[in-house]
Amino acid sequence: MKLNIANPATGCQKLIEIDDERRLRGFYDKRMSQEVSGDALGDEFKGYVFRISGGNDKQGFPMKQGVLLPHRVRLLLSKGHSCYRPRRTGERKRKSVRGCIVQSDLAVLSLVVVKKGEQDIPGLTDTAVPKRLGPKRASKIRKFFNLSHDDDVRQYVIRREIQPKNPEKKPYTKAPKIQRLVTPATLQRKRHRVAIKRRRAEASKEAEAEYKQLLAKRVKESKEKKAERRRTSSMQKSASA
């Protein structure tokens, strides 16, 4: 079985193949997202604690969280389920997935380092891969650089240099578009939206008052007409008598 070990602290990842099944027994019958001690894997993993994050069986079917079985099953999956990407709106499909319990039929088991042990693992804990991209959201940039709301976030965006394929061209820098950035223009747009909403409410109130006034006028006119008709009919009756 191969172990695909990822270390979030350094951004490194390493694939290790272990043929001795006795060293892997500590992972058997464990479920995804459970933490397992790495002491059984060998002396170089002493003190390490790993979290099981997934894996594939020998036919390439992925483990699915929540399927409490140590073998493969066929499930009806729809939008929002893991291990499935719908191609059309509302599409559902029956797909083969593997249960989340670890057994010997797995080809690759994915692990994440939760706690570092005594020794460094070459290629996993001894080197650090720098982050290629910085934060993009305005609040996350403020948190990253410990800024106050008075500071201009646009001055702190992490830019990266790009080397063109053509050696004659000069290198240029790229920066992400800041998301959820509050600028005077956005505040003006918000004020405009609120003003439109207020004007609509006032217009609807005026229209309602005008309608009620007209309705009262019509009701009064109809009452007067009824009274007039009654008066004329009574006069006609008295004249005939």
Side-chain angles (χ1 to χ4, degrees), residues 4-15 32-35 49-56 62-66 75 77-93 95 97 100 108 110-116 123-204:
N4 191 4
I5 306 170
N7 187 7
T10 60
C12 294
Q13 190 172 331
K14 191 172 185 181
L15 191 69
M32 276 174 69
S33 75
Q34 270 192 311
E35 293 183 0
V49 176
F50 299 108
R51 188 181 76 247
I52 300 169
S53 60
N56 294 347
M63 293 171 75
K64 182 170 169 60
Q65 181 68 287
L75 300 177
L77 303 177
S78 61
K79 186 182 176 182
H81 288 128
S82 59
C83 310
Y84 175 64
R85 182 170 61 87
R87 266 62 171 186
R88 299 177 69 180
T89 307
E91 184 187 53
R92 297 189 302 165
K93 203 168 186 182
K95 302 275 287 181
V97 291
C100 68
V108 182
S110 300
L111 306 173
V112 176
V113 176
V114 176
K115 184 186 168 189
K116 190 183 170 187
L124 187 67
T125 58
D126 57 348
T127 55
V129 177
K131 277 191 174 181
R132 196 176 70 90
L133 303 174
K136 187 176 183 179
R137 195 185 298 175
S139 59
K140 293 193 174 178
I141 294 169
R142 281 197 192 96
K143 189 179 177 184
F144 191 75
F145 290 104
N146 198 18
L147 304 175
S148 67
H149 279 276
D150 300 326
D151 295 317
D152 188 5
V153 178
R154 288 171 288 190
Q155 305 299 322
Y156 292 88
V157 181
I158 295 173
R159 304 187 73 88
R160 57 193 178 92
E161 194 174 277
I162 306 251
Q163 291 288 345
K165 290 181 179 177
N166 189 348
E168 295 174 6
K169 290 185 178 178
K170 290 180 182 177
Y172 60 95
T173 59
K174 257 190 177 183
K177 183 187 174 187
I178 302 170
Q179 302 296 309
R180 303 187 191 179
L181 180 65
V182 179
T183 59
T186 56
L187 293 172
Q188 173 58 35
R189 287 191 205 107
K190 189 177 180 181
R191 284 196 296 271
H192 180 61
R193 283 198 306 270
V194 171
I196 290 170
K197 202 174 180 182
R198 197 187 304 115
R199 282 202 293 271
R200 279 180 188 157
E202 287 169 3
S204 65

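Summarising the local packing, NZ of K140 is surrounded by 12 or fewer heavy atoms from other residues, nucleotides or ligands at distances under 6.0 Å. The number of heavy atoms from other shown groups lying within 6.0 Å of CZ (F145) is above 12.
Heavy atoms only, all atoms of each residue included: P171 and P164 are closest at CA-CD, 3.7 Å. What you find for P62 and C83 is that their closest heavy atoms are CG-SG, 3.9 Å.
For the residue pair Q13 / N4, a side-chain donor-acceptor distance below 3.5 Å is found, with atom types taken as modelled. Side-chain atoms of R92 and S78 form no donor-acceptor pair, as typed in the model, at a separation below 3.5 Å.
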Practice prompt. Take I52 and S110, measure what side-chain contact (heavy atoms from CB on, under 4.5 Å) needs, and give me the verdict at the end.
Written response: CA-CA 6 Å; I52 300 169; S110 300; over 6 Å; no

Item to complete: Test K116 against T125 for side-chain contact (heavy atoms from CB on, under 4.5 Å), laying out the working first.
Response: CA-CA 8 Å; K116 190 183 170 187; T125 58; 4.0 Å; yes

Fill in: Test side-chain contact (heavy atoms from CB on, under 4.5 Å) applied to R142 and D151, step by step
CA-CA 9 Å; R142 281 197 192 96; D151 295 317; over 6 Å; no

Item to complete: Decide yes or no on side-chain contact (heavy atoms from CB on, under 4.5 Å) for L124 and T10, but give the supporting numbers first.
Response: CA-CA 7 Å; L124 187 67; T10 60; 5.7 Å; no

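R191 CZ to T186 OG1: the interatomic distance, rounded to the nearest 0.5 Å, is 9.0 Å. Note that OG1 of T127 is 9.5 Å distant from NZ of K14, once rounded to the nearest 0.5 Å. In this structure, L181 CG and R154 CZ are separated by 5.5 Å, a value rounded to the nearest 0.5 Å. Of the inter-residue distances, the one linking Q34 atom CD with S53 atom OG reads 13.0 Å to the nearest 0.5 angstrom. How far CZ of R85 is from CG of L77: 14.0 Å, rounded to the nearest 0.5 Å. Interatomic distance, E202 CD to R198 CZ, rounded to the nearest 0.5 Å: 7.0 Å.
At distances below 3.5 Å, not a single donor-acceptor pair connects side-chain atoms of Q188 with backbone N or O atoms of P184. Proximity of a side-chain donor or acceptor of E35 to a complementary backbone N or O of S33 within less than 3.5 Å is not detected.
Residues M63 and M32 have side chains in contact (heavy-atom distance under 4.5 Å, counting atoms from C-beta outward). V157 has its side chain within reach of P176: a pair of non-hydrogen atoms, C-beta onward, lies under 4.5 Å apart. At a threshold of 4.5 Å between non-hydrogen side-chain atoms, the residues L75 and K95 do not count as touching. Between E161 and Y172 there is no side-chain heavy-atom pair separated by less than 4.5 Å. When side chains are defined from C-beta on, R180 does not count as touching S139, because their heavy atoms never get closer than 4.5 Å. Looking only at side-chain heavy atoms (C-beta outward), V112 and P8 come within less than 4.5 Å of each other. Contact of the F144 side chain with the I158 side chain is registered, since non-hydrogen atoms from C-beta on lie closer than 4.5 Å. Looking only at side-chain heavy atoms (C-beta outward), I5 and V113 come within less than 4.5 Å of each other.
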